[in-house]
2 protein chains.
Amino acid sequence: MKWDTLEEEPCSLARTVAVIGDRWSLLILRECFLRKRRFEAFQSSLGITRHLLAERLKKLVRFGVLRRIPYQESPKRYEYILTQKGLDLYPIIMSIVHWGNIHMVDSRGRPMLHQHKNCGHMFDPVMVCSECGEPLSAKAVHVHPGPGARQTSPVHAMAADDPKAKAKTES
Amino acid sequence: MKWDTLEEEPCSLARTVAVIGDRWSLLILRECFLRKRRFEAFQSSLGITRHLLAERLKKLVRFGVLRRIPYQESPKRYEYILTQKGLDLYPIIMSIVHWGNIHMVDSRGRPMLHQHKNCGHMFDPVMVCSECGEPLSAKAVHVHPGPGARQTSPVHAMAADDPKAKAKTES
DNA sequence: GCTTTAAAGTTCTATTTTAGAACTGTCAAT
DNA sequence: ATTGACAGTTCTAAAATAGAACTTTAAAGC
């Protein structure tokens, strides 16, 4: 698969993976949510190569997740801050952290604890149904094709406008 | 960074990224949640190379996310099913899909819709506080070091038992 | 009996990505 | 005049991925 076409696939998971589904982007975003903003700060706390960091930051800016903003003139210096689109990644980050807390911690326990300012308590994130408020599980969800669904063919066969593509993948 | 040590870092996000943070794993897991179980089914619907698919399935089995189970004898054939640890990835998958639904869909609309069997409604996933039930946002959360937190040094400087490592990274 | 088909991989080379280190340009501070 | 901070860029070597062909076991069709 060509990864530069992943973002055009008729699948919201695939399109999001085009943005965050590589080895470094989620770690960079973790730093963003921990209020890091600058190139040197990212580089030194992650140990990412400068080359890759520059590339990933460009990609995140291109996708509108980060904004590159000058924080001083002469020499012109920039910092990277989360846009609203970037802030909206918070549930993804938190659900990843929570899964790690449950399934990947060692005997020392959790590296981080989270406190909800609204209620004051230490908490875990819980994913619930927007309609009834009950916690969600895979088995309680039924999936339907939406208006943007592909017709029949699998992802990788869609590119060419080959009239036989559909028949071929169904054989 | 060596990616085979990522899973030992004192960060639940990094440890989870060690499991799902590559280009294919999340797409494979999407298929798992859509009830796909077999090698050929994964391969043909994703277009992943057979080599990579075999590697990724091994990795997911090694991490306890999938279990490899024989479904027939002679010739012995196996299928891959989600463990409880794997099923617990559902909030991650759903939050990724939801972000894509909000920020990455084209004019045709969502590729998939989700119906909650419990209440019958089409829904979106919402992440709430386990203690007060309110929806979460990054700005309403305060982060504290937990019992498994690293002491002071950044990730990449922790490996060697070099007594100067700590001082060096603080300079 | 011989050939084809299916499933679940394995093996091979070519291409792309990433790692690791050094280098650049602009300015402020010493 | 030199050093250092910051935000990158440029290079080569190593690793990962793509793409295709090959393997094994056994059932099905002729």
Side-chain angles (χ1 to χ4, degrees), chain A residues 1-6 17-18 21-28 31 36-62 66-81 154-157 159-160 168-171, chain B residues 1-6 17-18 21-28 31-32 36-62 66-81 155-157 159-160 168-171:
Chain A
M1 185 188 292
K2 316 93 196 161
W3 288 101
D4 46 342
T5 65
L6 191 64
V17 165
D22 65 86
R23 291 187 140 67
W24 282 113
S25 294
L26 280 167
L27 292 166
I28 292 169
E31 298 301 307
K36 295 270 176 68
R37 300 172 159 215
R38 299 190 182 170
F39 192 94
E40 295 294 323
F42 294 129
Q43 201 281 320
S44 69
S45 69
L46 292 173
I48 185 176
T49 66
R50 308 177 74 76
H51 177 56
L52 258 255
L53 176 57
E55 285 247 327
R56 288 293 181 269
L57 289 172
K58 267 181 205 155
K59 188 185 83 168
L60 293 170
V61 168
R62 178 161 47 81
L66 297 179
R67 203 191 322 273
R68 184 165 173 267
I69 295 187
Y71 67 89
Q72 71 170 37
E73 304 291 326
S74 73
K76 203 139 190 173
R77 290 286 149 73
Y78 297 90
E79 60 186 7
Y80 296 87
I81 65 162
V155 170
H156 56 286
K168 186 165 55 186
T169 57
E170 283 175 348
S171 65
Chain B
M1 185 188 292
K2 315 94 198 162
W3 289 99
D4 47 343
T5 65
L6 191 64
V17 166
D22 64 86
R23 292 188 139 65
W24 283 111
S25 294
L26 281 168
L27 291 166
I28 293 169
E31 297 301 307
C32 294
K36 295 271 175 69
R37 302 173 157 211
R38 299 189 183 171
F39 192 94
E40 295 293 324
F42 293 130
Q43 202 280 321
S44 70
S45 69
L46 291 173
I48 184 174
T49 67
R50 308 177 73 77
H51 177 55
L52 257 259
L53 176 57
E55 286 245 328
R56 289 294 181 270
L57 289 172
K58 267 182 204 156
K59 188 184 84 167
L60 292 170
V61 168
R62 179 161 47 80
L66 298 179
R67 204 190 318 277
R68 183 164 173 268
I69 294 187
Y71 68 89
Q72 69 169 40
E73 304 290 326
S74 74
K76 204 141 190 173
R77 292 284 150 74
Y78 298 89
E79 61 186 7
Y80 298 87
I81 64 163
V155 169
H156 58 287
K168 186 166 56 184
T169 58
E170 283 175 349
S171 66

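Reminder, nothing fancy here: chain letters follow the sequence lines and each chain counts from 1. What you see is a predicted model; the values in this text were computed from it and never measured.
A distance-only check finds a donor-acceptor pair linking the side chain of B:Q72 to the backbone of B:P75 [under 3.5 Å].
Neither OP1 nor OP2 of C:dG9 sits under 4.0 Å from any side-chain N or O of B:R38. Put simply, A:K58 has no side-chain N or O that comes within less than 4.0 Å of OP1 or OP2 on D:dA7.
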- [ ] Mark up nucleotides 21-28 of chain D, 5' to 3', with B wherever a protein heavy atom is under 4.0 angstrom from a base atom, S wherever such an atom reaches only the sugar-phosphate, and - elsewhere.
- [x] B---BS--
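Counting heavy atoms from C-beta outward, A:H51 and A:E55 have side chains that approach closer than 4.5 Å. Contact annotation: the side chain of B:Y80 never approaches that of B:R37 to less than 4.5 Å [non-hydrogen atoms, C-beta and beyond]. Side-chain contact between B:L27 and B:I48 is absent, with no heavy-atom pair separated by less than 4.5 Å.
The number of heavy-atom neighbours closer than 6.0 Å to CZ of A:R67, taken from other residues, nucleotides and ligands shown, is 12 or below.
In this structure, A:S25 and A:R56 approach most closely via the heavy-atom pair OG-CD, 3.5 Å.
Side chain of B:Y80, nearest nucleotide from C:dG9, D:dG8, D:dA7: C:dG9. In this structure, the nucleotide among C:dA8, D:dA18, D:dT17 sitting nearest to the side chain of B:Y71 is C:dA8. In the set D:dA18, C:dT10, D:dA7, D:dA18 carries the atom at the smallest distance from any side-chain atom of B:W24.
Across its full length, the helix from C:dG1-D:dC30 to C:dT30-D:dA1 shows an angle of 10° between the axes of its 5 terminal pairs at either end, rounded to 10 degrees.
For A:E31 and A:R38, the salt-bridge test fails: no basic side-chain N is under 4.0 Å from an acidic carboxylate O. Ionic pairing of A:E79 and A:K36 is not present here: no N-O contact between side-chain nitrogen and carboxylate oxygen is shorter than 4.0 angstrom.
Rounded to an integer number of Å, the gap from B:R23 CZ to C:dT16 P is 14 Å. Rounded to whole Å, atom C1' of C:dT18 lies 13 Å from atom CD1 of A:I28. The interatomic distance linking B:L57 (CG) with C:dA8 (P) rounds to 10 Å, in whole Å.
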TODO: May I have the step-by-step check of side chain to side chain contact (heavy atoms under 4.5 Å, CB included) for B:D22 and A:R23, ending in yes or no?
DONE: CA-CA 6 Å; B:D22 64 86; A:R23 291 187 140 67; 3.4 Å; yes
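Both B:R68 and A:H51 sit near DNA chain C, but only B:R68 has its closest nucleotide nearer the 5' end.
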